[in-house]
Amino acid sequence: MENTTLTPGLYIVATPIGNLGDITLRAAEVLRGCDHVLAEDKRVSAKLLRHLGASKPMTAYNDHSDAADRARIVERLGREAVALVSDAGTPLISDPGYKLVRAAREAGIAVHTLPGPSAAIAALTLAGLPTDRFLFAGFLPPKAKARAEAIAEVGAVRATLVFYESGPRLGDTLEALRDALGARDAAVVREISKLHEETVTGPLVELAARYAKAGPKGEIVVVVGPPADAAEASDEELDSALRTALASESASRAAATVAAALAVPRKRAYARALELAGR
Ligand code: SAM
C-alpha cells in the first residue's frame, strides 16, 4: 500500500509475542502504510507483513548495526515513514533500537511509538505477584559468576523482579535465584499467548527443584516477588511517617512523599493522610 498519510519519521511498532491477533489496529495501519521497514530479522518480519497483506522494502536493524548504518537510516527518516520492528514484542525492550531513537532525535526527526505487546508486562499480569513496583532486569548473564553478581545487584531492590529467559538456561537461573534470594515467591511464565501458554507459581525453592533436570521448551519470563521486608508498611508505620510529613506538607504532597518512601499505594497513603489531617 502506498504511503498517503504517514509523515516522514521513525515509527516504533510493537508486534505480537505469539498470537498474531494481538497486532494493534495502529500497528497494522503503520506497517501497511509506511515506506520502509527496519527489521531485526527480515524473514521474521516478512511473515508478519504477509499476514497483513503488505510487502515493504526492508533493511536489517539489529545488534550488529553500527553508527554508519544509523547515519544512513537517519538520512532516510528525513524523507520517509520508517517502521522499526523486532522479531516479537516491543522494540528496544531487550531488543535493539535505543541508539537509533537517540540518533533520530539528535537529527530533529519525529519519533512515534505504537504501544503493544511486551512479554515482561504480559508476564507480570499472569504471575500474581505485586505489580506496584517492578524492576525489569532483562536477560541475566550466561556465566555463573556474572549471573550471581547481577542477581546480587538487584536482589535488595524492594520490587518484583522480571527476567527474560530461555528453556535450556531456566534450571541454572532458578538455582542461582534460589541461592541468592531464598524463599521468595516466583512465577515461571512460558509461551504467552501461544498454544502451550503456562504459568507455574511457587517459592523459588520449589521452582528450582521442578526445573532442575530439564528446562521446558519455548520462551520464558521469570518473575520473582519482592523481598519479605518489602511487605506493605503497617498502619502504625504509615501513620507515623504521615504525621511527620503532614507537619510540613499538604495531605496530597505528604501522601506522595510517604507512598514513595514506604512503597505503599498512593491511594492508601492519601486516604489515611486525609483522615489524619482531620478532613
Ligand atoms: N522485545 C520483546 C518484548 O517486548 O517482550 C522481548 C525480546 S527478547 C529478545 C525475547 C525474550 O522475551 C524471550 O527470550 C523471552 O524471555 C521473552 N518472550 C518473548 N515472547 C514471549 C512469550 N510469548 N512468552 C514468554 N516469554 C516471551
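Fair warning: this is a prediction, and the values are worked out from it, not measured in the lab. Any value given below was found using the heavy atoms of this structure, including those in side chains, with hydrogens, waters and symmetry copies removed. One-based numbering, in listed order, for ligands and for the atoms of each.
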List the closest protein heavy-atom neighbour of atom 23 (N) of ligand 1: residue, atom name, distance to the nearest 0.1 Å.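 Ranked first by proximity to atom 23 (N) of ligand 1 is I17 O, 2.8 Å.
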Non-hydrogen atoms of A88 versus ligand 1: any pair closer than 4.0 Å?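 Checking ligand 1 against A88, which is what was asked, there is a heavy-atom contact under 4.0 Å.
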What part of A14, side chain from CB on, backbone N/CA/C/O, both or neither, has a heavy atom under 4.0 Å from ligand 1?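 Within the 4.0 Å criterion, A14 makes no contact with ligand 1.
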Return yes when S94 approaches ligand 1 closer than 4.0 angstrom through a heavy atom, no otherwise.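 Flag set, S94 near ligand 1.
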Which heavy atom of the protein is the closest neighbour of atom 24 (N) of ligand 1, given with residue, atom name and distance?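 The closest heavy atom on the protein side is I192 N, 2.9 Å.
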One residue to check: T90. Relative to ligand 1, which of side chain, backbone, both or neither has a non-hydrogen atom less than 4.0 Å away?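 T90 to ligand 1: contacts from backbone and side chain alike.
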Nearest candidate to atom 12 (O) of ligand 1, where distance is taken over non-hydrogen atoms, out of Y164, F136, F139: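 Comparing heavy atoms across Y164, F136, F139, the nearest one to atom 12 (O) of ligand 1 lies in Y164.
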Heavy-atom side-chain contact between V111 and I12 under 4.5 Å: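 Side chain of V111 against side chain of I12, heavy atoms only: contact under 4.5 Å found.
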Verdict with supporting geometry, K194 and E219, salt bridge (Lys or Arg N to Asp or Glu O under 4.0 Å): CA-CA 10 Å; K194 302 186 201 176; E219 300 196 277; 3.1 Å; yes
Does an N or O from G18, backbone or side chain, lie closer than 3.5 Å to an N or O of ligand 1?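 Checking ligand 1 against G18, no N or O pair falls under 3.5 Å apart.
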So is there a nitrogen or oxygen of D95 less than 3.5 Å from a nitrogen or oxygen in ligand 1?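 N/O-N/O distance below 3.5 Å exists for this pair.
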Can you check whether G225's main-chain N or O pairs, donor with acceptor, with R184's side chain at less than 3.5 Å?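 Checked: pair present.
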Does K145 come within less than 4.0 Å of E149, counting only side-chain N to carboxylate O?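 Salt bridge present between K145 and E149.
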Where do D69 and R72 land on the salt bridge (Lys or Arg N to Asp or Glu O under 4.0 Å) test, with the steps shown first? CA-CA 5 Å; D69 296 320; R72 276 190 291 276; 2.7 Å; yes
Pairing residues for R147 by the side chain to side chain donor-acceptor pair (under 3.5 Å) criterion, not counting sequence neighbours: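 Here no residue qualifies.
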Considering only heavy atoms of E165, which atoms of ligand 1 have at least one such atom less than 4.0 Å away?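 Answer, ordered by atom number: 14 (O), 15 (C), 16 (O).
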May I ask whether F163 has any heavy atom positioned less than 4.0 angstrom from an atom of ligand 1?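 Per 4.0 Å heavy-atom rule, F163 does not contact ligand 1.
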Who are the ring pair (Phe, Tyr, Trp, His ring centres under 6.0 Å) partners of H112, not counting sequence neighbours?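 For H112, the residues satisfying ring pair (Phe, Tyr, Trp, His ring centres under 6.0 Å) (neighbours in sequence not counted) are Y11.
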R268/D235 under salt bridge (Lys or Arg N to Asp or Glu O under 4.0 Å): CA gap, chis, key distance, verdict: CA-CA 10 Å; R268 179 182 166 208; D235 288 346; 3.0 Å; yes
Considering non-hydrogen atoms of the protein only, which is the closest contact for atom 26 (N) of ligand 1, and what is the distance?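 For this ligand atom, the closest protein heavy atom is V221 CG2, 3.4 Å.
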Going by the order shown, which atoms of ligand 1 are within less than 4.0 Å of some heavy atom of E191?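 This gives 23 (N), 24 (N), 25 (C) as the contact atoms.
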Report the nearest protein non-hydrogen atom to atom 20 (N) of ligand 1: residue, atom name, distance rounded to 0.1 Å.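 Ranked first by proximity to atom 20 (N) of ligand 1 is E219 OE1, 3.3 Å.
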Any N or O on A119 sitting closer than 3.5 Å to an N or O of ligand 1?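 There is such a contact, yes.
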Quick check on the 6.0 Å ring-centre criterion: do F136 and Y164 meet it?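 Here the rings of Y164 and F136 have centres that are less than 6.0 Å from each other.
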Between I220 and ligand 1, find which residue part has any heavy-atom pair under 4.0 Å and reply side chain, backbone, both or neither.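 For I220, the contact with ligand 1 is made by the backbone alone.
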Taking both backbone and side-chain atoms of I93, is any N or O found less than 3.5 Å from an N or O belonging to ligand 1?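 So ligand 1 has an N or O lying under 3.5 Å from an N or O of I93.
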Does a donor on one side chain sit under 3.5 Å from an acceptor on the other, for H196 and R190?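 Their side chains do not contain a donor-acceptor pair, so the 3.5 Å distance test is not met.
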Specify side chain, backbone, both or neither for K194, according to which of its non-hydrogen atoms lie closer than 4.0 Å to ligand 1.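 Under 4.0 Å from ligand 1, K194 contributes side-chain atoms alone.
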Side-chain donor or acceptor of T201 paired with backbone N/O of A186 under 3.5 Å: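 Such a contact is absent between T201 side chain and A186 backbone.
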Can an N or O of G89 be found at a distance shorter than 3.5 Å from an N or O of ligand 1?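 For ligand 1, there is no N or O atom that lies under 3.5 Å from one belonging to G89.
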May I ask you to decide whether R26 forms a salt bridge with E29, counting only side-chain N to carboxylate O separations under 4.0 Å?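 No salt bridge links R26 with E29.
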Do ligand 1 and S193 have nitrogen or oxygen atoms that lie under 3.5 Å from each other?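 Among all N and O atoms of S193, none is under 3.5 Å from an N or O of ligand 1.
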